[in-house]
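This report concerns only the one structure given below.
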Number of protein chains: 2
Amino acid sequence: MSKAEHKPATRDGAEPGRDVQHIVTSADVAREAGVSRSTVSRCLSGDRRISDATRKRVQETANQLGYQINKIARSMNTRKSDLIGLVTSGLSDPFRVEFLDKLIFAIQQSGYRPLVIDVSDPAQMGTSMMHLLQYQVAGVVVTSGSPPPEVGVHFLKRNVPVVLVNRAGRLDGADVINCDNVRGGELAADLLLGTGKTRFGFLNVKGGTFSGNVRGETFVSRLAPGLANGDISFTPLVCDSADYDGGFNAAVKFLAQPETAPNAIFCAKDHIALGLLDAARFELGLRVPEDIAVVGFDDIAAARQGAYQLTTVRQSATKLAEMTVDRLRQRIRGDNLADQRLILSVEMARRRTV
Amino acid sequence: MSKAEHKPATRDGAEPGRDVQHIVTSADVAREAGVSRSTVSRCLSGDRRISDATRKRVQETANQLGYQINKIARSMNTRKSDLIGLVTSGLSDPFRVEFLDKLIFAIQQSGYRPLVIDVSDPAQMGTSMMHLLQYQVAGVVVTSGSPPPEVGVHFLKRNVPVVLVNRAGRLDGADVINCDNVRGGELAADLLLGTGKTRFGFLNVKGGTFSGNVRGETFVSRLAPGLANGDISFTPLVCDSADYDGGFNAAVKFLAQPETAPNAIFCAKDHIALGLLDAARFELGLRVPEDIAVVGFDDIAAARQGAYQLTTVRQSATKLAEMTVDRLRQRIRGDNLADQRLILSVEMARRRTV
DNA sequence: TCGTTGAATGCACACGTGTGCATTGCCTTG
DNA sequence: CAAGGCAATGCACACGTGTGCATTCAACGA
């Protein structure tokens with residue numbers, strides 16, 4: 001029926017029906033400015049061959065008519081949109097939110113727009129990513145989950161770059177950006193070893209995540225000498241969910257007998273550490289760091305708050321976002337880049353829980 | 001040059017070049033299934049007029065070829081995309097993040113996709129919203145800032161519904177959804193009046209926000225009887241930013257002399273209240289709620305955490321998101337709706353800070 | 001004066017899809 | 001048996017833009 005409305009509207013170059021609402025197109029601008037539609041297109045895309053006089057006139061006409069380019073139509077022609085797909089899974093993880101915040105900002109600064117895909121069911125990851133191709137996205141950032149390796153082929157074929165951030169990198173042709181989990185595990189171990197505490201633990205979500213596992217393994221291997229001596233002990237600790245509640249509930253259990261429970265604990269991420277801290281302090285009445293020392297990972301905003309003052313391994317969400325967008329832009333530009341893996345350095349943020 | 005590549009490629013109905021990467025279109029499916037392109041289109045859109053046999057054959061062929069519909073091309077034709085614009089301003093405000101989380105989920109459940117527009121500079125709000133029209137969005141949700149009223153006209157003209165959430169509603173033709181700020185202010189006042197404390201305060205960001213102002217004004221008017229008696233006093237309190245640091249820094253100042261400072265404080269939002277609590281406890285050594293009672297607004301996740309246990313007015317981010325998407329779908333469907341304002345009820349979440 | 005050159009602009013096609021209308025073929029009914 | 005109706009499908013146009021190529025026109029040198 002929209003067709004029916006527009007049938008009576010005259011064709012290219014004639015007067016549009018004033019009665020029905022009409023969306024201003026480049027053809028309207030062209031007619032008003034007395035040039036061809038091609039010229040309008042070239043003016044707005046900054047083509048050098050257009051004379052200054054014409055350019056100015058077209059620009060003014062466009063502004064006057066309130067012309068807004070139809071990016072859908074542009075994408076139709078160029079077969080590329082200025083959308084960048086963001087694959088995420090909810091906004092409950094604080095560090096991911098901080099990262100997405102900076103990422104969205106950086107994407108927009110670069111003239112692109114973020115198109116969010118929320119993947120709650122890991123099994124749907126593949127099909128969800130394929131959906132992004134329907135929008136002719138210019139690139140994709142995966143901030144959660146692990147895409148099935150075979151989808152990479154389709155993005156390669158379509159020449160759409162994919163960047164995995166803090167993920168296990170198993171995607172054909174995709175770039176992988178990680179923070180230095182190895183160094184982070186070492187820093188945590190070294191700091192906790194210096195406390196004189198002897199019962200070590202690493203708290204991670206059941207089953208583990210890629211990043212968490214690396215952090216934990218490095219942590220343990222750094223403890224190896226002390227373990228060999230028998231000076232210290234180590235206990236792997238597990239929680240049901242990788243968030244505050246997970247850390248809280250797990251801590252209530254494994255800290256039940258404080259005299260034998262681990263008292264130097266490294267958490268796979270800050271969010272878990274916050275739960276652990278609250279459980280230790282308010283549920284079990286333990287003092288931090290006297291009774292128990294805690295180190296987190298990420299340095300989320302809450303870690304800096306007075307109630308927590310969490311000592312943690314910092315990775316910069318801002319830098320991570322900038323690296324991501326830089327890499328994406330290079331790939332879109334078609335740069336030939338040898339390396340496919342980038343590492344973001346980390347540092348220890350010392351506060352009051354050690 | 002992409003054109004040059006495709007020039008030699010044969011036209012509709014012929015064999016596509018196998019050498020160069022080729023994106024599967026509905027024409028490919030049509031040829032392979034031995035039907036016309038129209039039939040393919042109708043099959044995939046579930047047109048009843050297609051026979052079951054043909055439908056099945058086309059479906060299978062499409063799957064086999066890995067056909068993905070080109071939504072850009074579809075939007076080009078229908079003049080509507082399945083994108084819904086989300087106008088926000090960063091992801092630093094916890095409640096807005098919780099709301100966006102639920103909103104993104106609900107949008108996706110309804111078959112739409114969220115396109116995020118981050119507006120850091122309020123002056124750019126208008127132009128940023130106009131940019132959304134370039135993508136033929138099906139609807140818009142404003143979760144931050146106040147769009148200039150005149151942009152509403154363009155969305156009305158294009159028949160694109162706009163929903164303002166917890167905003168001052170001054171946009172032509174837009175729906176407005178608010179939580180019950182009035183009731184919230186009353187609940188806070190009543191609860192604090194019951195504590196026996198006498199020095200009341202309302203802490204809000206400098207200049208105020210729409211929601212915050214309503215909450216504060218209702219709060220004060222509820223205190224009126226006591227104020228008239230001289231039984232109690234009231235002090236308006238101001239912070240520089242509407243976040244944790246703002247609350248913290250402000251509290252350090254106005255709580256400097258605890259014996260005369262307000263001791264029954266209502267905060268415009270939880271995030272500010274958290275800063276206030278940490279300042280009171282760790283900077284000034286005050287006990288909560290013995291020395292000072294605090295009520296927040298929103299009931300963000302952190303308010304429930306052991307370290308805070310903040311008593312606060314709860315608004316449900318989930319319900320807010322559902323109301324938003326429901327309203328959006330109704331407008332897109334073209335329902336005639338009398339009311340343009342919706343109110344979400346609130347309730348008091350009692351914890352340990354009162 | 002005429003051919004040449006280069007700048008500026010117009011023409012026409014392509015991108016992939018949805019859909020009104022025409023067409024085909026089969027079945028029902030008088 | 002003929003006519004009409006209905007189900008199923010194809011034809012062709014439209015959506016708004018970018019861009020290769022052709023065209024126009026003025027300037028300039030021989």
Can you measure B:R42 atom CZ to D:dA7 atom C1' for me and round it to whole angstrom units? 13 Å
With a cut-off of less than 4.0 Å, is there a side-chain N or O of B:R74 near OP1 or OP2 of C:dG18? yes
Separation of C:dT19 atom P from B:R37 atom CZ, nearest Å, is 12 Å
Distance in angstrom units between B:I23 CD1 and C:dT17 P, rounded: 10 Å
Salt bridge B:D175-B:R327, side-chain N to carboxylate O under 4.0 Å: yes
Could you tell me whether the phosphate oxygens of D:dG18, OP1 or OP2, come under 4.0 Å of any side-chain nitrogen or oxygen in A:S41? yes
Touch class at under 4.0 angstrom, heavy-atom based, for B:T39 against every strand present: sugar-phosphate
Describe the nucleic acid contact of B:I72 in one word from base, sugar-phosphate, nothing, applying a heavy-atom distance below 4.0 Å. nothing
Mind checking whether B:R158 and B:L133 have side chains closer than 4.5 Å, heavy atoms only? yes
I need the CE-P distance between A:M76 and C:dA14, as an integer number of Å. 13 Å
Considering only side-chain heavy atoms of B:N77, which listed nucleotide, C:dT17, D:dG16, D:dG18, is closest? C:dT17
Starting from the first five and the last five pairs of the helix from C:dT1-D:dA30 to C:dG30-D:dC1, work out the angle between the resulting helix axes, to 10 degrees. 60°
Does anything in residues 45-55 of chain A come within less than 4.0 Å of DNA chain C? Heavy atoms only, and list the residues if so. A:R49, A:I50, A:S51, A:T54
Report yes if a side-chain nitrogen or oxygen of B:Y67 is closer than 4.0 Å to either non-bridging phosphate oxygen (OP1 or OP2) of C:dT17; otherwise report no. yes
State whether the distance check finds a donor on one side and an acceptor on the other, under 3.5 Å, for side chain A:S38 versus base C:dC11. yes
Taking the side chain as every heavy atom from C-beta outward, state whether B:D28 and B:Y67 have any atom pair closer than 4.5 Å. no
By nearest atom, which of the nucleotides D:dT19, D:dC15, D:dG10 is closest to the B:V35 side chain? D:dG10
Taking the side chain as everything from C-beta on, heavy atoms only, tell me whether B:L91 gets closer than 4.5 Å to B:L100. yes
Quick one: A:L44 CG to D:dT17 C1', roughly how many Å, whole number? 11 Å
Can you check whether A:S26 has a side-chain N or O nearer than 4.0 Å to OP1 or OP2 of D:dT17? yes
If I take atom CZ in residue A:R158 and atom P in nucleotide C:dG16, what distance separates them, rounded to the nearest angstrom? 10 Å
Would you indicate whether the side-chain heavy atoms of B:E60 and B:K56 approach each other to under 4.5 Å? yes
Salt bridge check, A:D326 against A:R329: does any charged N sit closer than 4.0 Å to a carboxylate O? no
Take a 6.0 Å sphere around CG of B:D52 and say whether it holds more than 12 heavy atoms from other residues, nucleotides or ligands. no
